[in-house]
There are 2 protein chains.
Amino acid sequence: MTLRESIIQKLEDNGFRITGSRVKLVDSLIKHEEGFTAEELVTEVREAGRATVYRTIRLLVDQGVLCKLAMDSGAPRYTVSGMAHHHHIICVHCGSVREFRQTVIERALKSMEDDDGDTVVGHRIEVFVLCAACRAAGAKVDSIRAEHQHS
Amino acid sequence: MTLRESIIQKLEDNGFRITGSRVKLVDSLIKHEEGFTAEELVTEVREAGRATVYRTIRLLVDQGVLCKLAMDSGAPRYTVSGMAHHHHIICVHCGSVREFRQTVIERALKSMEDDDGDTVVGHRIEVFVLCAACRAAGAKVDSIRAEHQHS
DNA sequence: TGTCATTTGATACTCAGTTTCATCAATTGA
DNA sequence: TCAATTGATGAAACTGAGTATCAAATGACA
Ligand SMILES: [Zn+2]
Ligand SMILES: [Zn+2]
Ligand SMILES: [Zn+2]
Ligand SMILES: [Zn+2]
């Protein structure tokens with residue numbers, strides 16, 4: 001079963017209608033290996049209206065098909081979710097996104113439970129990089145570092 | 001030197017003018033142990049205009065005085081930065097923020113450098129909790145868990 | 001094919017944040 | 001001490017992202 005099919009399947013299985021707009025949107029977003037913004041889809045998928053694009057993205061996030069990535073500034077990016085639990089490596093120059101998961105980190109975060117009276121409900125990790133492609137294309141690290149220190 | 005003094009000092013040292021608006025804003029934001037939104041400051045500090053509040057917050061983020069926390073939805077929250085490098089524990093119910101830092105995690109993230117051709121420029125970790133106070137006040141974990149899985 | 005709840009989309013709206021620019025105020029230095 | 005200079009302010013208008021409305025369209029299923 002292809003990615004496209006599995007996404008459509010999941011919507012069907014959960015009682016959502018398979019409409020022309022939704023199929024067009026799925027077709028478009030699975031092409032974005034490196035993630036996309038809502039407005040990019042609005043522009044690309046002319047068959048679907050603005051409201052429908054936003055509604056469909058939200059639906060797919062709810063269904064676990066898409067990851068929503070809140071950027072430091074600007075609109076969030078979305079990526080098709082691969083691994084069940086994972087985090088993101090984001091290029092600060094081109095915005096491309098890859099997934100990762102480190103058992104050591106997961107364990108360390110898990111052990112934070114019960115350190116105090118709080119109940120941990122989730123966590124999020126983002127690693128910001130200048131990807132190989134952007135560096136090869138001449139993007140410099142230093143100009144970027146300042147605004148992405150995340151210290 | 002108090003927190004208030006050290007913030008004002010830093011602005012002075014970096015060549016920014018110590019104006020009435022800035023002092024009023026600093027006075028207000030240091031009172032928010034648990035973080036605040038830009039609009040909260042706009043409401044609270046009537047002596048400063050909307051634009052000035054946003055400009056001042058941005059200035060303080062640039063100076064490392066404030067942390068900007070992009071929420072999953074809604075406006076970002078800001079907190080006064082304590083430790084030099086740290087991450088955040090955020091209550092999904094009341095929005096209160098605490099800092100943490102785990103050497104194990106820092107090391108693991110550091111070791112990701114050079115795994116591939118990317119250059120790591122920073123990282124961000126957020127741990128979402130239902131804080132003890134909210135739980136005591138009757139907030140339930142289950143209703144929250146779904147929308148904050150961050151998987 | 002008919003039924004009908006779901007979905008759609010044009011439009012208007014909200015909300016967060018930025019730009020503009022005339023005015024104001026902190027610093028400089030004569 | 002008092003311009004001159006430059007940085008800072010703020011009302012108001014604007015932008016961009018996303019949401020609400022609601023009549024019309026359309027999938028799903030019998
Ligand atoms: Zn993801
Ligand atoms: Zn994790
Ligand atoms: Zn912080
Ligand atoms: Zn760290």
Side-chain angles (χ1 to χ4, degrees), chain A residues 5 7-29 32 35-63 65-78 95 147, chain B residues 7-29 32 35-63 65-79 95 147:
Chain A
E5 285 163 354
I7 294 171
I8 290 169
Q9 182 79 250
K10 178 174 268 180
L11 292 182
E12 226 165 1
D13 291 351
N14 286 87
F16 298 100
R17 292 187 178 169
I18 306 310
T19 66
S21 292
R22 283 175 178 166
V23 171
K24 290 266 167 52
L25 284 167
V26 169
D27 281 341
S28 177
L29 64 85
H32 291 263
F36 59 90
T37 63
E39 287 305 316
E40 280 167 23
L41 279 203
V42 170
T43 305
E44 278 175 38
V45 185
R46 312 306 296 273
E47 299 94 338
R50 184 180 188 62
T52 300
V53 171
Y54 278 91
R55 278 187 295 234
T56 303
I57 288 174
R58 192 204 299 227
L59 172 63
L60 293 174
V61 171
D62 289 348
Q63 296 299 309
V65 171
L66 292 178
C67 295
K68 177 179 183 175
L69 284 139
M71 298 289 105
D72 231 34
S73 65
R77 290 185 74 81
Y78 299 89
E147 55 172 317
Chain B
I7 294 170
I8 290 169
Q9 182 78 250
K10 179 175 266 180
L11 292 182
E12 225 165 2
D13 291 351
N14 287 88
F16 298 99
R17 292 182 180 172
I18 306 309
T19 67
S21 293
R22 283 175 179 166
V23 172
K24 290 267 167 51
L25 284 167
V26 169
D27 281 340
S28 176
L29 64 85
H32 290 262
F36 58 90
T37 64
E39 288 303 316
E40 281 167 22
L41 278 203
V42 171
T43 305
E44 279 174 36
V45 185
R46 313 305 296 274
E47 298 93 338
R50 184 179 188 64
T52 301
V53 170
Y54 278 92
R55 279 188 293 234
T56 304
I57 287 174
R58 192 204 299 228
L59 172 64
L60 293 174
V61 171
D62 289 348
Q63 296 298 310
V65 171
L66 292 179
C67 295
K68 177 180 182 175
L69 285 139
M71 298 290 104
D72 232 33
S73 64
R77 290 184 73 81
Y78 300 88
T79 63
E147 56 172 316

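From a predicted model like this one, the values you see are computed outputs, not experimental measurements. FYI, side chains are in, hydrogens and waters are out, and symmetry mates aren't considered; it's all heavy atoms of this structure.
Residues from residues 10-26 of chain B that place a heavy atom under 4.0 Å from any atom of DNA chain C, listed by number: B/Arg17. Proximity of residues 47-62 of chain B to DNA chain C (heavy atom under 4.0 angstrom from any strand atom) is restricted to B/Arg50, B/Ala51, B/Tyr54, B/Arg55, B/Arg58.
Within the 4.5 Å cutoff, side-chain heavy atoms of A/Glu40 are placed close to those of A/Arg77. You'll find the side chain of B/Arg22 reaches within 4.5 Å of the side chain of B/Leu59, heavy atoms only. Two residues are said to be in side-chain contact when any heavy atoms from C-beta on lie closer than 4.5 Å; B/Ile57 and B/Leu25 fail this criterion. When side chains are defined from C-beta on, B/Glu44 does not count as touching B/Phe36, because their heavy atoms never get closer than 4.5 Å. A heavy-atom distance below 4.5 Å is not found between the side chains of B/Thr37 and B/Val42.
Here the CG-OH distance, from B/Leu29 to B/Tyr78, works out to 11.5 Å after rounding to the nearest 0.5 Å. Atoms CZ and OG1, on B/Arg58 and B/Thr56 in that order, are 11.0 Å from each other to the nearest 0.5 Å. A distance of 9.5 Å separates NZ of A/Lys24 from OG1 of A/Thr19, quoted to the nearest 0.5 Å.
The salt bridge (Lys or Arg N to Asp or Glu O under 4.0 Å) check on B/Asp62 picks up nothing, with sequence neighbours excluded. Among residues two or more places apart in sequence or in another chain, the side chain to side chain donor-acceptor pair (under 3.5 Å) test is passed with B/Glu39 by B/Arg50, B/Tyr54.
Panel note: side chain A/Lys68, backbone A/Pro76; no donor-acceptor pair is recorded below 3.5 Å.
The rotation axes computed at either terminus of the helix from C/dT1-D/dA30 to C/dA30-D/dT1 lie 30° apart, taking five pairs at each end and rounding to 10 degrees.
For the pair A/Ile8 CD1 and D/dA28 P, the computed distance is 11 Å after rounding to whole Å.
Of all the heavy atoms in A/Ile18 and A/Ile8, the pair that sits closest is CD1-O, 3.7 Å.
Mapping heavy-atom proximity under 4.0 Å, the span of DNA chain C touched by chain B runs 5' to 3' from C/dA16 to C/dA26.
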